[in-house]
2 protein chains.
Amino acid sequence: MSLRMAVLGLLAGLGPASGYDLTQRFDASLAFVWYAQHSQIYPELNRLAAEGLIEVAQEGPRGRKTYAITPAGREAVTRWLQHAEPAPTRRNEGALRAFLLPLLDPAEAVKVLQREAAFYAERVRELQNLRGLADSAPHRFGRHALELGIRQMTAIREWAEWAAQDLAGGTEEVAEKTPESSESAER
Amino acid sequence: MSLRMAVLGLLAGLGPASGYDLTQRFDASLAFVWYAQHSQIYPELNRLAAEGLIEVAQEGPRGRKTYAITPAGREAVTRWLQHAEPAPTRRNEGALRAFLLPLLDPAEAVKVLQREAAFYAERVRELQNLRGLADSAPHRFGRHALELGIRQMTAIREWAEWAAQDLAGGTEEVAEKTPESSESAER
DNA sequence: CGTATCATGTAAGCCGTTACATGATTGT
DNA sequence: ACAATCATGTAACGGCTTACATGATACG
């Protein structure tokens with residue numbers, strides 16, 4: 001369902017496009033939101049056209065077919081936006097690792113969490129950069145999504161920092177085997 | 001990969017269990033983290049046993065087989081925890097809707113966002129409740145994951161509120177800012 | 001004796017990934 | 001002429017969902 005909506009949405013928001021163009025739009029605008037390859041996009045375009053939600057607006061060189069959204073397609077996407085009920089993801093690899101983290105020695109877990117925090121700090125920086133340049137058309141289109149991404153990744157970063165401190169604090173109170181572990185748990 | 005790690009992790013952290021038990025553990029402990037049905041779990045158990053990462057520890061009535069993790073299995077899961085690199089989800093239906101939201105009239109979009117905010121506020125309340133009762137063994141095991149869930153859902157709730165105001169505020173006001181870090185998951 | 005729960009599986013079908021495959025046009 | 005890029009597909013395979021299927025035991 002979501003792939004179709006992503007395709008319809010890109011056609012509705014940014015205008016007619018070929019499968020090739022859409023592949024690039026997915027990559028440029030939707031990369032962190034709904035990832036898709038051309039091998040998924042082309043068949044989906046054919047299905048959407050067969051169902052009348054999009055139509056071939058132009059044919060160009062090299063067999064290029066430019067698709068445009070139809071009124072039916074536009075209605076499908078707006079209805080979906082209004083009526084789809086929010087559902088938190090039920091599969092989250094990061095959260096799974098968080099859940100299983102107590103299986104590691106605290107010192108090891110802290111290291112993992114620090115790497116995680118650093119990773120997400122970097123991601124947040126990247127997205128904030130994008131926000132700076134956000135006056136180009138495709139970015140303006142995704143302004144709210146960008147903001148959501150920043151907030152979600154910031155939340156993960158903060159969690160990782162909290163959890164690392166939580167674990168480090170826990171180890172200090174317990175008798176320690178190695179003198180280095182207090183060092184690695186600092187911060 | 002993650003399904004196996006979830007199974008191995010549950011066996012490592014909460015002790016030996018049958019497929020039936022594991023189905024319930026997934027449901028009770030891992031519901032918001034890594035969802036799985038028995039139809040996925042049983043075949044995975046057979047594969048894991050074939051590879052020597054788990055073994056049948058006991059056979060009971062009704063064909064019940066209790067599995068225990070092996071040293072090889074324990075190593076596999078701890079190695080995964082240490083070496084898996086963090087990767088933000090590349091498919092997020094909520095973020096996709098956020099991205100496409102400008103396709104709606106602002107008034108409609110605001111309604112959607114308010115429903116979203118209410119939904120996540122409720123979810124956060126549920127999880128905070130769990131945190132209150134969190135001294136039972138399975139919950140203690142997932143304490144960090146619970147905290148992560150609360151923070152992530154709070155971030156979404158706050159985003160939805162921000163976006164709703166942003167849209168309601170309309171075209172004249174341009175200045176808005178994102179809090180660098182919100183005191184979302186306070187205890 | 002019947003119902004709920006325990007307990008384990010299989011099958012069809014969809015969605016997504018990776019790799020394979022082909023050819024046209026543009027630019028150097 | 002050659003490479004890069006434009007452009008569209010198909011196929012094999014794996015993971016997940018839903019539904020089908022079966023039978024044993026406990027308990028009231």
Side-chain angles (χ1 to χ4, degrees), chain A residues 1-8 10-11 16-28 30-51 54-68 80 84 87-93 96, chain B residues 1-8 10-11 16-28 30-51 54-68 80 84 87-93 96:
Chain A
M1 185 74 357
S2 292
L3 175 65
R4 359 192 73 200
M5 295 308 153
V7 170
L8 290 175
L10 284 174
L11 289 176
S18 69
Y20 189 85
D21 298 335
L22 282 168
T23 303
Q24 288 176 142
R25 286 189 189 171
F26 266 90
D27 226 50
L30 231 45
F32 296 106
V33 165
W34 204 268
Y35 173 84
Q37 305 268 60
H38 78 275
S39 61
Q40 237 189 313
I41 292 168
Y42 286 114
E44 187 63 39
L45 285 170
N46 288 326
R47 280 190 293 268
L48 285 166
E51 293 171 41
I54 63 176
E55 63 190 1
V56 177
Q58 256 185 45
E59 306 213 16
R62 283 176 282 216
R64 176 188 171 94
K65 283 175 279 181
T66 303
Y67 292 93
W80 179 72
T89 319
R90 291 183 90 60
R91 283 213 177 85
N92 183 332
E93 197 174 304
L96 176 61
Chain B
M1 185 72 1
S2 291
L3 175 65
R4 4 189 70 199
M5 294 309 152
V7 168
L8 290 175
L10 284 174
L11 289 175
S18 68
Y20 189 85
D21 299 336
L22 281 168
T23 304
Q24 289 177 142
R25 286 188 190 171
F26 267 90
D27 226 50
L30 231 45
F32 296 107
V33 166
W34 204 268
Y35 173 83
Q37 304 269 60
H38 78 273
S39 60
Q40 235 189 315
I41 293 168
Y42 286 115
E44 187 64 39
L45 286 170
N46 288 326
R47 280 191 292 269
L48 285 166
E51 293 171 39
I54 63 175
E55 63 191 0
V56 177
Q58 255 184 46
E59 307 213 15
R62 284 178 282 215
R64 176 189 170 92
K65 284 175 280 182
T66 303
Y67 293 92
W80 179 73
T89 320
R90 290 181 92 60
R91 283 214 177 84
N92 183 332
E93 197 174 303
L96 176 60

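Within every chain, numbering begins at 1; the chains are lettered A, B, ... in the order of the sequence lines, protein sequences first and strands thereafter.
Legend: salt bridge (Lys or Arg N to Asp or Glu O under 4.0 Å) pairs involving residues 39-50 of chain B, not counting sequence neighbours, sorted by first then second residue: B:Arg4-B:Glu44, B:Glu44-B:Arg47.
Looking at residues two or more places apart in sequence or on another chain, you find a side-chain contact (heavy atoms from CB on, under 4.5 Å) between B:Asn46 and B:Lys65, B:Tyr67. With sequence neighbours excluded, the residues that form a side-chain contact (heavy atoms from CB on, under 4.5 Å) with A:Tyr20 are A:Ser18, A:Gln24, A:Tyr42.
Mapping A:Arg62 and A:Tyr35 onto DNA chain C by nearest heavy atom places A:Tyr35 at the nucleotide closer to the 5' end. Between B:Gln24 and B:Asn46, the one whose closest nucleotide on DNA chain C sits nearer the 5' end is B:Gln24.
Between A:Pro43 and A:His38, the shortest heavy-atom contact is CD-O, 4.2 Å. For the residue pair B:Ile41 and B:Ala36, the shortest heavy atom distance occurs at CD1-O, 4.1 Å.
A 4.5 Å side-chain heavy-atom check between A:Phe32 and B:Asn92 finds every atom pair outside the cut-off. Side chains of B:Leu11 and B:Leu48 form no contact here, defined as non-hydrogen atoms less than 4.5 Å apart. The shortest side-chain heavy-atom distance between A:Leu96 and B:Trp80 falls under the 4.5 Å cut-off. For the pair B:Asp21/B:Arg64, a side-chain contact is recorded, criterion being any heavy-atom separation below 4.5 Å from C-beta on.
Close approach of DNA chain C to chain A, defined as any atom under 4.0 Å from a non-hydrogen atom of the protein, starts and stops at C:dG16 to C:dT25.
Using a 4.0 Å heavy-atom criterion, one finds that B:Arg91 contacts the sugar-phosphate atoms exclusively. Among the atoms of the strands shown, none is found under 4.0 Å from any heavy atom of B:Arg4.
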Using the 3.5 Å cut-off, write out each protein N or O paired with an N or O of nucleotides 1-4 of chain D and the distance between them.
none

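At a non-hydrogen distance threshold of 4.0 Å, A:His38, A:Ser39, A:Tyr42 from residues 36-45 of chain A come into contact with DNA chain D.
Heavy-atom neighbours of B:Gln58 CD from other residues, nucleotides or ligands within 6.0 Å: at or below the threshold of 12.
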